[in-house]
Each structure stands twice: as structure tokens, then as C-alpha cells.
S.K.: 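There's a structure below that I have some questions on.
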There are 2 protein chains.
Amino acid sequence: MAYRRTETVVARLAETRERIVTAALKLVAREGYGGAGIPAIAAEAGLSTGALYRYFPSKAELFDEVFRRGSQREIDVCAEAAAQGGRARQRLTRVVEVFARRALKGRRLAYALLAEPVDPLIEAERLRYRLPYRDIFIGIIEDGMRAGEIAAQDALLTASAIVGALNEALIGPLAPQAKKTDQEKLINGLALFCVQALGPMPPRKL
Amino acid sequence: MAYRRTETVVARLAETRERIVTAALKLVAREGYGGAGIPAIAAEAGLSTGALYRYFPSKAELFDEVFRRGSQREIDVCAEAAAQGGRARQRLTRVVEVFARRALKGRRLAYALLAEPVDPLIEAERLRYRLPYRDIFIGIIEDGMRAGEIAAQDALLTASAIVGALNEALIGPLAPQAKKTDQEKLINGLALFCVQALGPMPPRKL
DNA sequence: CAAAGAAGTGAAACATGTTTCACTTCTTTG
DNA sequence: CAAAGAAGTGAAACATGTTTCACTTCTTTG
């Protein structure tokens, strides 16, 4: 045998793979899906179209990773906000504020991740990355019910509705052609909406 | 001149046009967008692919009408539910119940109209038909604020969030592969969510 | 540095639709 | 029923990407 993947090569391969994902994310964040075709991504990553296919077997699989990468940080930050203790309503408020504030800061990418029309094939991947948010809310709601802070309810339903409410209310302001809105007002309004949707504090059991 | 569009012909043309829209709606409702390509729609309407293009200059324009047709009835029913008087919270509850109940009854079509991944080109058309719902909610909220029934708030924000909450909470149950859920519980849960999100009754002004 | 095995190239092939167009059929009129 | 104008046909052309592949370049080993 005359060739073996040496450590250096393996490292470079990993680095190239990484560069592809980064390039895709960059293009999506800058130009949306229109500017993020395979040849453009390959070029941005500094390699040929054909070579890209040594790293990802299809565009769908590449974008699975792109979404994971793009979403993971946001999800982590939200999860952290949720984990910081306090009562259910406080935690929910924190998460909503963090989520909305960050989305409004990285608008173009947030728009692509949440709402920009995209190929059906890829849409399926994107949809998957809503679930972690929903699960964060489910956790908060269940804790709140257990602690008697919020009335008994279907946590899955409430959590899904909150996710939908956040996304839909943000789509307008996130859209590339949106005129700028008062962000703090929007964030506070959204947090209030979500907290109120949980319903009033239930009467204390004796 | 040897040919003139006679009334009969005009009527038949209108009828054919109508048949195209109906065929498209039928295919979408039965098989989703995968089964609703131009040739399939033409065949279902009983004419050739080429002929269809005498009635609609492009697929996007055809689907604009398809969505209008598919949504208009629902929008009308919701608008009617909103118009039936009562206080803001009652009206909101009625609209949410009507909307959700009807969506759950015509599941496949509702799924296609609300959530099924679709070509970006067509997605843009579909998005447009969310606005009427939002506007219905805006009307209710503004009436409620004027009447002092609900606290001052950004009606656009609240209405958007409600639309998003309804859609997202329904997507799961509407998806073709969903296991069946307790519909009445879902409907009531959604209505409660939305009403509570409006916030508590404001203190009466003296 | 020759041999072997991978990785990289980029033009061409493919895939998957939508849309067009040369031709045919139908409808109307005188 | 001939002439004229539309409507209808459906195979072919187009459009718009993604994906492949014959070939080249690079890396490693003995």
C-alpha cells in the first residue's frame, strides 16, 4: 500500500468540511437561499462543486448540518436562559426575550432559519429544528404545573402555540424589506403575550 | 370577420377556467403539492397541458387563485364568526373555534394551505392568505380595547402571534401522518390560549 | 521517484419540473 | 361550406438547479 490517510490529511479534511458548512451559513445569512446553491457554496469554501460531494452526499444532508449549526447556538442560549431558575413565568419571559432579541440582532440569518421560503426538500430539515424550542417550553410549563404556579394544561399544545406565536410575530420585522420596528417594545409585547397565554396563577391548594 | 366570441363560448371558457381551479384544489386536497403539477391538473380538468396556459399565464398565478379559492370560504366563515357580536373575548373564542374545527375537518387541504412544504415561488402566494385572518383578529382586539374590555396593546403584534399560535399548534394534528388527537380538547385548549394571551380584563375607568 | 490511493476539477449529464409552439380541431360568420 | 379566428394538443424545448464522472492533481509509502 502506498497511501494512507495520515493525521494531517484527516485534520485537513475535517477542516474543509467545516469550511463548507461555514460557507453555506455565510451565504444564507448574507443572501438567503437564492444565493446558496451548491456551486456558490463550493466556491465560497474555496473548492470545486464536485469536491463538495465528497463531503456531503446531497444538498439536503448539507443543509441538515447547516441548520443544526445555525440553530444550535440559539437553542443552547435559550436552554441556558430556561435553566437559570426562578418561577415558570420568569423563565418563560427570559427565554422569549433572549430568543427574540437574538433573532432581531441576526436578522437575515434568523429570517432564513425561521421563515424564508425554501425548497420543500430543505424545508423538512428546517422544520426539525423547531422542536428543541418547543421542548424547552414544555419543560418550563411542566415545571410550572408541578409547582402549582400555572394551571393544568396540555404542555405540548401550549408550547407549540408559543413557538408559532414567536415565529409569526417575528417574521414581519425580520423580513428583509421590513421597515424597522421598536425592538424593545416588540420583545416586551411578545414576552407578555406568552406569559399571559399560560393563564392566571391557579388558586393555591390548601 | 368570421369568428366572434359568442356568449356560449365565453360561458364555456369561464367554466373551463373554473374547472382548472377546482381540479387543482382537488388534487392538492387529495395528494398535496406532489400530485398537483401542471400536467396532472390539466388532465384532471380534462384538457391538455398546453391549453391550461391559455387560462393562466403561469403556475404561480394559477396557485394564487387556488389559494384564494381554498382560503376564501374559511376566511368568510371566520369573518362571520367575528361579526356576530358579543364582547371581544367571546368573539375571539368563536373565531378560533370555528377556524380550528374547520381545519381539522378538512385536514389534508388545511395542511396544504397552512403548512405543507411547497415551492418558494408558490409559498409567497400562500403566505398572503394569512393576512385576512390576522386582520380579523386585529379588528376584534381593537374593538375590545375601545370598549375597555382588554388592556391597551399592539393589536398587530397580538394578532400575528395568535395566527402563528393557531397554525403551529394545528400543524402537528393536521400532518398526514399524525395520529389522531382529541379534537375538542385541542380546540378548547387553543381558544383558551388565545383568550388568555389578550391579558386580564383591565380595571374599569371611573 | 515510482506506484497507489485519494481528493479535487469543472464541464457535462441528469432530474424535475414548467412553458412553448407548430400543428390540429373547433366555432362562428357570411 | 369556405374563410377566419380561437382554442386545444402534446411532444419538445426550456429553465434551473443538483449530481456525476472521466480526468488531473495531490499525498503517502517503500
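Numbered from 1 within each chain, the chains take letters A, B, ... in sequence-line order.
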S.K.: With a 4.0 Å cutoff (strictly under), does any side-chain N or O of B/R5 reach OP1 or OP2 of D/dA7?
M.R.: yes
S.K.: Any side-chain N or O of B/R4 less than 4.0 Å from the OP1 or OP2 oxygen of C/dT29?
M.R.: yes
S.K.: Should the pair B/D143-B/R87 be classified as a salt bridge under the 4.0 Å nitrogen-to-oxygen rule?
M.R.: no
S.K.: What stems involve DNA chain D, if each pair must be Watson-Crick or G-U and both of its distances must be under 3.5 Å, with 3 or more such pairs in a row?
M.R.: C:1-30 with D:1-30
S.K.: Salt bridge or not for A/E97 and A/R94, using N-O below 4.0 Å?
M.R.: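 No.
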S.K.: Evaluate the ring planes of B/F67 and B/Y33, with Trp represented by its six-membered ring, and classify them as parallel (under 30°), tilted (30 to 60°) or perpendicular (over 60°).
M.R.: perpendicular
S.K.: With respect to the side chain of A/T8, which nucleotide from D/dT28, C/dT19, C/dG8 is positioned closest?
M.R.: D/dT28
S.K.: Between A/G34 and A/R12, who's closer to the 5' end of DNA chain D by nearest nucleotide?
M.R.: A/G34
S.K.: Please determine whether a side-chain nitrogen of the Lys or Arg among A/E184 and A/R101 lies less than 4.0 Å from a carboxylate oxygen of the Asp or Glu.
M.R.: yes
S.K.: Return the nearest nucleotide to the side chain of B/Y53; candidates are D/dT27, C/dT19, D/dG10.
M.R.: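 Minimum distance to the B/Y53 side chain belongs to C/dT19.
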S.K.: Is it true that A/R146 and A/E142 have a side-chain N and a carboxylate O under 4.0 angstrom from each other?
M.R.: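 Looking at A/E142 together with A/R146, the answer is no, because their closest N to O distance does not fall below 4.0 Å.
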S.K.: Go through D/dT27, C/dT28, D/dT18 for me and flag the one nearest to the B/T6 side chain.
M.R.: C/dT28
S.K.: May I ask you to say whether A/E18 pairs ionically with A/R69, meaning some side-chain N is under 4.0 Å from a carboxylate O?
M.R.: yes
